[in-house]
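As structure tokens, the structure follows; a few thoughts come after it.
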Amino acid sequence: MVETDTLYIAGEPIRSRLWMGTARYPSPQVLLEALERAQPGLVTVAIRRLNLSAPQETFLELLLGKYRLLPNTAGCYTAEEAIFVAELAQEALQTNWIKLEVIGDEHTLWPEAEELLKAARILKQRGFVVLAYAPDDPIVCQRLADIGCAAVMPLAAPIGSGQGIRDPERLLLIRQKLAGVPLVIDAGIGSPADALLAMELGYDAVLVNTAIAEAQHPVLMAEAMRLAVEAGRKAYHAGRIPRVSYARPSSPLEGLPL
């Protein structure tokens, strides 16, 4: 039985393994209620979509001091753009933590591996704590870990698609290859069942945005995601039974009358 199971990123404790995004909510009030119900460990904010010079004009002032914010570089297509946005976030929010996103095109929002690796390398050299959104590619994930990213965040499916975990075997391979590296499922989660499976695969956290924000009842879904993440982590530590191709009686046969 695991008595303490705290997640550490770059040596710092993160209070919850459910992380949340802040986009697409029907209103700031619903966002706040969902956050309150979920109590996420990190809350991501897209720097390019915020007016950092006037936080009172955005939901940012509602979150400052209450949640640990993780700025991201969403909407960047090149390493240069991502580095600029990361440095802007560092100055405005007084943090060197950055969720690094560099995408290849606006249709798939798929990570652009070459630019991603370039940006990660430069930001790491400049003292950033880099949490990198990545394709579910074991080689790219390994290279991000080798650069020194504090966490590698492979997608389960395209951003906002709600398709869930499309290739659990590949994600399990990444988990096995990067033993000891914090891994977070980022993008594609559709339901609490997906979040639970991610945790059962041994991932350290899940980042959920659209599946909560666009649910029919976002606040209730936020709570469901929190419970699923907690249950999945407990199941991972408990250790599931092996899959077999034949039936096994659940009641012992010894001692039965002939």
Side-chain angles (χ1 to χ4, degrees), residues 1-9 12-46 49 58-72 74 97 99 131 133 151 153-166 168 171 182-238 240:
M1 179 70 177
V2 176
E3 297 296 336
T4 58
D5 188 33
T6 302
L7 171 61
Y8 288 88
I9 303 291
E12 297 189 24
I14 306 299
R15 67 178 182 177
S16 171
R17 294 174 184 271
L18 173 61
W19 303 356
M20 287 174 59
T22 51
R24 298 180 177 274
Y25 282 84
S27 71
Q29 184 59 37
V30 172
L31 167 61
L32 291 175
E33 291 177 8
L35 291 170
E36 181 65 26
R37 191 71 64 90
Q39 290 297 303
L42 292 174
V43 177
T44 65
V45 290
R49 300 189 181 102
T58 72
F59 62 83
L60 191 59
E61 68 167 359
L62 304 175
L63 307 180
L64 288 170
K66 190 169 185 181
Y67 297 99
R68 178 155 190 175
L69 301 185
L70 177 63
N72 68 49
W97 285 44
K99 183 196 167 195
L131 295 81
Y133 167 60
M153 307 174 68
L155 54 79
I159 292 174
S161 68
Q163 293 178 19
I165 295 179
R166 300 185 306 171
L171 291 173
L183 292 178
V184 181
I185 293 295
D186 180 8
I189 295 293
S191 75
D194 302 324
L196 187 145
L197 176 56
M199 303 308 293
E200 286 188 334
L201 290 173
Y203 277 71
D204 296 286
V206 295
L207 174 57
V208 185
N209 187 74
T210 307
I212 297 176
E214 294 192 349
Q216 293 182 34
H217 303 286
V219 177
L220 185 59
M221 184 61 77
E223 181 180 18
M225 287 291 182
R226 175 178 60 79
L227 294 172
V229 167
E230 293 172 359
R233 185 64 179 177
K234 289 179 184 295
Y236 170 72
H237 283 303
R240 63 158 291 139

Worksheet entry | Residues which pass salt bridge (Lys or Arg N to Asp or Glu O under 4.0 Å) with Glu33, listed by chain and number, not counting sequence neighbours | none
Discussion item. To check you understand the geometry: which heavy-atom pair defines the closest contact between Ala231 and Leu196, and what is its length?
Written reply: CB-CD1, 4.0 Å
Practice prompt. Go through the structure and list residues passing side-chain contact (heavy atoms from CB on, under 4.5 Å) with Arg226, not counting sequence neighbours.
Written response: Leu18, Glu223, Glu230
Item to complete: Taking side-chain contact (heavy atoms from CB on, under 4.5 Å) as the test, write out the residues that go with Ile9, two or more places apart.
Response: Leu7, Ile14, Trp19, Trp97, Leu131, Ala150, Ala151, Pro182
Practice prompt. Can you sort out the partners of Pro192 under side-chain contact (heavy atoms from CB on, under 4.5 Å), two or more places apart, ordered by chain and number?
Written response: Met221, Ala224, Met225, Ala228
Response to the item:
Of all heavy-atom pairs linking Ile189 and Ala195, the shortest is CD1-N, 4.0 Å
Practice prompt. Please report the closest heavy-atom contact between Val219 and Ala34, naming both atoms and the distance.
Written response: CG2-N, 3.9 Å
Worksheet item: Looking only at heavy atoms, what is the nearest atom pair of Ser16 and Pro40, with distance?
Response: CB-C, 3.9 Å
Worksheet entry | Of all pairs that satisfy salt bridge (Lys or Arg N to Asp or Glu O under 4.0 Å), the ones with a partner from residues 155-166, not counting sequence neighbours | none
Fill in: Under 3.5 Å donor-acceptor, Arg17 side chain and Asp204 backbone
yes
Discussion item. Going by side chain to side chain donor-acceptor pair (under 3.5 Å), Lys99 matches just one of Asn72, Thr44, Asp186. Which one?
Written reply: Asp186
Item to complete: Kindly say whether Leu171 contributes a backbone atom to a donor-acceptor pair with the side chain of Tyr203 at under 3.5 angstrom?
Response: yes
Worksheet item: Roughly how far, to the nearest 0.5 Å, is the CE atom of Met153 from the CG atom of Leu155?
Response: 11.0 Å
Anything under 3.5 Å between a donor and an acceptor, one on a side chain of residues 207-218, the other on a protein residue two or more places apart or in another chain? List them.
from: Asn209; atom 1: OD1; to: Thr22; atom 2: N; distance (Å): 3.0
from: Asn209; atom 1: OD1; to: Ala23; atom 2: N; distance (Å): 3.1
from: Asn209; atom 1: ND2; to: Ala23; atom 2: O; distance (Å): 3.3
from: Glu214; atom 1: OE2; to: Arg24; atom 2: NH1; distance (Å): 3.1

Discussion item. Using side-chain heavy atoms (C-beta onward) and a distance below 4.5 Å, is Leu63 in contact with Leu35?
Written reply: yes
Discussion item. Restricting to side-chain hydrogen bond (donor to acceptor under 3.5 Å, both in side chains), what partner residues turn up for Arg233, sequence neighbours left out?
Written reply: Asp5, His237
Worksheet item: What are the two closest non-hydrogen atoms of Met199 and Gly232, and how far apart are they?
Response: CB-C, 3.5 Å
Item to complete: Identify the two heavy atoms, one from Ala235 and one from Glu200, that lie closest to each other, and give their separation to 0.1 Å.
Response: CB-OE2, 3.6 Å
